[in-house]
Amino acid sequence: MSSDLQWLLLRNNHSFIVKRVAEGPIFSKEPGNLRNLHSFKFSGLANSKTIHIADSPTGVQITTRKPKASPYGVSTASSTSTIRARSGSRRAQRVVANATAKRGYRPDLRTAALARVSALLAAQREPKPTPAKKLRGKKKPVTAAEVDSEA
């Protein structure tokens, strides 16, 4: 079945559609949808080539669908690669750019995939500890050394 025909059948009703406001945008929470927008371009159900970028305990997991895989085959129809969190954001972005655009898989999803990986890595990063606030003026406690120096 072609991707266009699948989209025509799926676009009005499937379980992943999220409609919050009557006249607002329509979102979709299906796997493989990088922007969570309800459109054919980003659809993870209707397209034969999809990229699913998700958070995992070890880092960021990238799953791509093999377009020529047989539905009757024993092996999985998807390819998975994991980027460790400690490997850095530049390496992660290079891996995603190579997987999407440079190898010709889905060059139109390059910016969306890079944005998703950047957001996931930023969420995984531990926040810096906040420094102790310095008290000034009347709120500052007076020490014995300061009292002796004033006299």
Nearest heavy atoms of [X] and [Y], plus distance in Å:
X	Y	value
N98	R103	O-CG, 3.2 Å
A77	A69	CB-CB, 3.6 Å
T82	S56	CG2-OG, 4.3 Å
S118	Q93	OG-NE2, 2.7 Å
L121	G88	CD1-O, 4.3 Å
L135	P141	CD1-CD, 4.3 Å

Which residues share a ring pair (Phe, Tyr, Trp, His ring centres under 6.0 Å) with H38, sequence neighbours left out: W7, H14
Check: F16 main-chain N/O paired with E30 side-chain donor or acceptor under 3.5 Å: no
Main-chain N/O of F40 paired to N47 side chain as donor or acceptor, under 3.5 Å: yes
Option from L114, L109, I51 for which side chain to side chain contact (heavy atoms under 4.5 Å, CB included) with V96 holds: L114
Passing candidate, side chain to side chain contact (heavy atoms under 4.5 Å, CB included) with L45, options L9, L10, T50, N33: L10
Exceeds 12 heavy-atom contacts within 6.0 angstrom, atom NZ of K66: yes
Worked check of side chain to side chain contact (heavy atoms under 4.5 Å, CB included) between R65 and Y105: CA-CA 10 Å; R65 187 186 297 173; Y105 189 73; 3.9 Å; yes
Between CD1 on residue I62 and CD1 on residue I83, distance to nearest 0.5 Å: 3.5 Å
Distance, nearest 0.5 Å, that separates CD1 of I17 from NZ of K29: 11.0 Å
By side-chain hydrogen bond (donor to acceptor under 3.5 Å, both in side chains) - contacts of T63 (at least two apart): none
Verdict with supporting geometry, S28 and F42, side chain to side chain contact (heavy atoms under 4.5 Å, CB included): CA-CA 9 Å; S28 180; F42 297 113; over 6 Å; no
Steps toward side chain to side chain contact (heavy atoms under 4.5 Å, CB included) verdict (N36, R116): CA-CA 11 Å; N36 294 338; R116 174 62 67 104; 3.6 Å; yes
hydrophobic_cluster_shared for V117 and L37, side chain cutoff 4.5 Å: yes
D108: salt bridge (charged side-chain N to carboxylate O under 4.0 Å, His left out) partners, not counting sequence neighbours: R106
